[in-house]
2 protein chains.
Amino acid sequence: MHIGLSESDYPEIRNVALFSEVADEQFRRLLRGAYVQNFPPMIELVTEGDQSDFLHIIVSGSVELYSSWNNRETSIATIRPISTFILAATVKDAQYLMSARTLEKSRIILIPSQDVRAVFDEDYHFARAIVTELARCYRSSVKSHKNLKLRTSLERLANYLLRQQTYHNGRSDFDLDLEKKRLASLLGMTPENLSRAFKGLQAYGVLVNGNRISITNSDDLIGFAKPDPLIDDFNT
Amino acid sequence: MHIGLSESDYPEIRNVALFSEVADEQFRRLLRGAYVQNFPPMIELVTEGDQSDFLHIIVSGSVELYSSWNNRETSIATIRPISTFILAATVKDAQYLMSARTLEKSRIILIPSQDVRAVFDEDYHFARAIVTELARCYRSSVKSHKNLKLRTSLERLANYLLRQQTYHNGRSDFDLDLEKKRLASLLGMTPENLSRAFKGLQAYGVLVNGNRISITNSDDLIGFAKPDPLIDDFNT
DNA sequence: CCATTGGCTTGATAAATGTCAAGCGCCCAA
DNA sequence: TTGGGCGCTTGACATTTATCAAGCCAATGG
């Protein structure tokens with residue numbers, strides 16, 4: 001199951017922002033102890049509460065970060081290539097705060113956490129990249145917090161759709177890349193409520209047909225959703 | 001209003017975890033451009049959307065981080081000495097995502113963001129400390145996210161009270177260190193609802209008298225609140 | 001092919017939370 | 001001293017959201 005990385009994988013990993021500036025020697029050291037694995041869908045990669053052994057990098061597929069308490073479960077984020085996840089636990093050498101599972105067949109690189117910390121200590125560019133990535137994750141968590149506390153579920157859905165539309169280059173039609181029940185959990189509501197919320201957005205020109213979304217009147221939807229770069233932009 | 005730092009302030013600042021390991025030369029450089037100011041209560045120190053000019057360190061008093069959207073406002077955290085805030089915007093050279101205001105008369109040190117970034121580039125220990133602090137902030141934001149999505153308002157209040165009790169060394173009586181309306185906002189509810197939530201916790205041995213809280217039966221309250229280190233511990 | 005499963009939707013209902021209005025009590029400044 | 005403002009509480013009510021039960025439909029596997 002565990003397969004060492006081959007040199008042919010290296011260029012791809014170099015493309016991950018975290019590693020693009022690392023000195024060659026340190027880069028090789030990072031990958032020397034690394035594994036790459038292909039996972040089927042719905043495999044639990046990480047369990048909250050466990051000690052952080054590996055930094056994970058998703059190369060293809062998709063991964064859901066989620067968390068449980070008292071028999072309830074909530075989706076916290078979906079991760080798509082190419083990206084790392086659970087970096088904070090790795091740098092702090094602490095317990096995972098979230099669990100992670102594959103949603104589809106996914107290819108994941110695992111780098112031993114201790115190697116990440118060691119290279120952090122030796123390579124300035126890597127340290128800089130880690131700080132940038134951590135700051136990005138932190139800020140994105142704060143945005144998510146604002147989204148949850150300042151908006152109703154209908155507003156969260158409306159803004160989610162607008163973000164998806166942007167992601168699809170502004171097309172008026174696009175497919176949801178997530179099961180609706182997971183989207184509901186991500187947005188902090190029940191699947192039943194999500195169904196009703198989609199109905200509620202018909203009044204603002206949103207048509208739903210299975211996974212297909214059509215936004216017939218962007219201005220109308222924007223008028224309702226009031227998107228805000230300090231909540232909805234992933235890059236600020 | 002702006003007052004340069006004097007050398008007598010240095011030892012105090014050294015105690016901030018972020019600076020404890022910085023080389024002396026870099027430490028002096030950081031503080032050379034810094035200011036210290038005393039602010040009255042309810043002064044807006046930082047406005048969301050503004051560019052990050054200074055890293056803030058609170059030396060005494062208390063500061064509320066909050067955010068607004070569409071005429072709604074929510075409290076996100078309260079910061080107490082000695083601690084920094086809004087570090088992520090500083091290291092990313094980005095816009096503030098939250099506003100900050102003093103709650104009481106507070107003493108704040110302001111270090112130009114560019115100096116922070118410059119010293120980060122030169123001093124390894126400082127870089128390490130920034131990463132640790134960022135990871136801590138990120139993880140605390142994730143905990144807060146879990147708290148909001150996995151728990152009802154009554155459960156959030158119950159766990160808040162248990163955390164406060166721990167902070168007060170487990171005493172059965174202690175004072176809230178926050179106005180109730182701010183606590184309500186922090187916990188994601190209205191002041192009216194907080195009043196009723198306190199009533200609802202009477203059944204688990206919580207007595208409220210003004211700002212005074214008495215927890216007459218910790219086990220009972222713990223049984224209801226089900227505190228979880230992965231949500232409620234600040235140090236993991 | 002059929003039966004089963006799981007995701008999704010819908011309606012009815014319940015629970016949680018918010019809103020509005022009123023009143024109490026405390027603090028502070030005129 | 002007193003009047004107003006503000007924080008807090010309470011009650012009545014509205015809205016939002018969740019829960020439960022049933023049914024539809026598409027995908028899947030025997």
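To find a chain, count down the sequence lines: A is the first, B the second, and so on, and within it residues start at 1.
- Under 3.5 Å, the side chain of A/E192 and the base of C/dC8 form no donor-acceptor pair of N or O atoms.
- B/E44 has no carboxylate O lying under 4.0 Å from a charged side-chain N of B/R101, or vice versa, which leaves the two without a salt bridge.
- With sequence neighbours excluded, no residue forms a side-chain hydrogen bond (donor to acceptor under 3.5 Å, both in side chains) with B/Y204.
- The side-chain tip of B/K143 does not point at the ring of B/Y138 from less than 6.0 angstrom away and within 45° of straight on.
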Extract from the structure each pairing of a protein N or O with an N or O of nucleotides 27-30 of chain C at less than 3.5 Å, listing the distance.
none

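- Annotation: proximity of residues 194-205 of chain A to DNA chain C (heavy atom, distance under 4.0 Å) is found for A/S195, A/R196, A/K199, numbered in ascending order.
- Using a 30° and 60° split on the angle between ring planes, A/Y96 and A/H56 fall in the perpendicular class, above 60°.
- Between A/E73 and B/K149 there is no salt bridge, since no side-chain nitrogen of the basic residue lies less than 4.0 Å from a carboxylate oxygen of the acidic one.
- In this structure, A/K146 forms no cation-pi arrangement with B/Y66, as its terminal cationic atom is not both closer than 6.0 Å to the ring centre and no more than 45° off the ring axis.
- Nucleotide C/dT17 holds its P atom 17 Å from the CE atom of A/M189, rounded to whole Å.
- Side-chain contact, A/S185 with A/S75: no donor N or O sits under 3.5 Å from an acceptor N or O.
- Evaluation of the side-chain hydrogen bond (donor to acceptor under 3.5 Å, both in side chains) rule for A/D53 yields no partner, not counting sequence neighbours.
- The nearest whole Å value for the distance from the CG atom in B/N211 to the C1' atom in C/dC26 is 13 Å.
- With respect to B/R151 and B/D232, a salt bridge is recorded, a charged nitrogen being found less than 4.0 Å from a carboxylate O.
- Taking the ring centre of A/F39 as origin, the terminal cationic atom of A/R107 falls outside the region bounded by 6.0 Å and 45° from the ring axis.
- Of the N and O atoms on the side chains of B/Q95 and A/T236, not one donor lies less than 3.5 Å from an acceptor on the other residue.
- For the side chain to side chain contact (heavy atoms under 4.5 Å, CB included) test, no residue two or more places apart in sequence or in another chain qualifies with B/K105.
- Ion pair A/R182/A/D177 not flagged as a salt bridge, since none of the NZ, NE, NH1 or NH2 atoms sits closer than 4.0 Å to an Asp/Glu carboxylate oxygen.
- Shown for residues 152-163 of chain A: residues whose heavy atoms fall under 4.0 angstrom of DNA chain D, namely A/T152, A/S153.
- For the residue pair B/H145/A/S144, the side-chain donor-acceptor check at 3.5 Å is satisfied.
- A nucleotide of DNA chain D counts as in contact with chain B when one of its atoms lies under 4.0 Å from a heavy atom; the first and last such, 5' to 3', are D/dG7 to D/dA12.
- At the phosphate of C/dT17, neither OP1 nor OP2 sits under 4.0 Å from any side-chain N or O atom of B/N193.
- One axis for each end of the helix from C/dC1-D/dG30 to C/dA30-D/dT1, each built from five base pairs, and the angle between them comes to 30° at 10° resolution.
- B/R72 has a carboxylate O that lies under 4.0 Å from a charged side-chain N of A/E155, or vice versa, which qualifies the two as a salt bridge.
- Listed by chain and residue number, nothing satisfies the side-chain hydrogen bond (donor to acceptor under 3.5 Å, both in side chains) test with A/E192 (two or more places apart in sequence, or in another chain).
- Looking at residues two or more places apart in sequence or on another chain, you find a side-chain hydrogen bond (donor to acceptor under 3.5 Å, both in side chains) between A/S113 and A/S52, A/T90.
- Within residues 173-186 of chain A, no residue has a heavy atom under 4.0 Å from DNA chain D.
- Not counting sequence neighbours, A/T166 has no partner by the side chain to side chain contact (heavy atoms under 4.5 Å, CB included) test.
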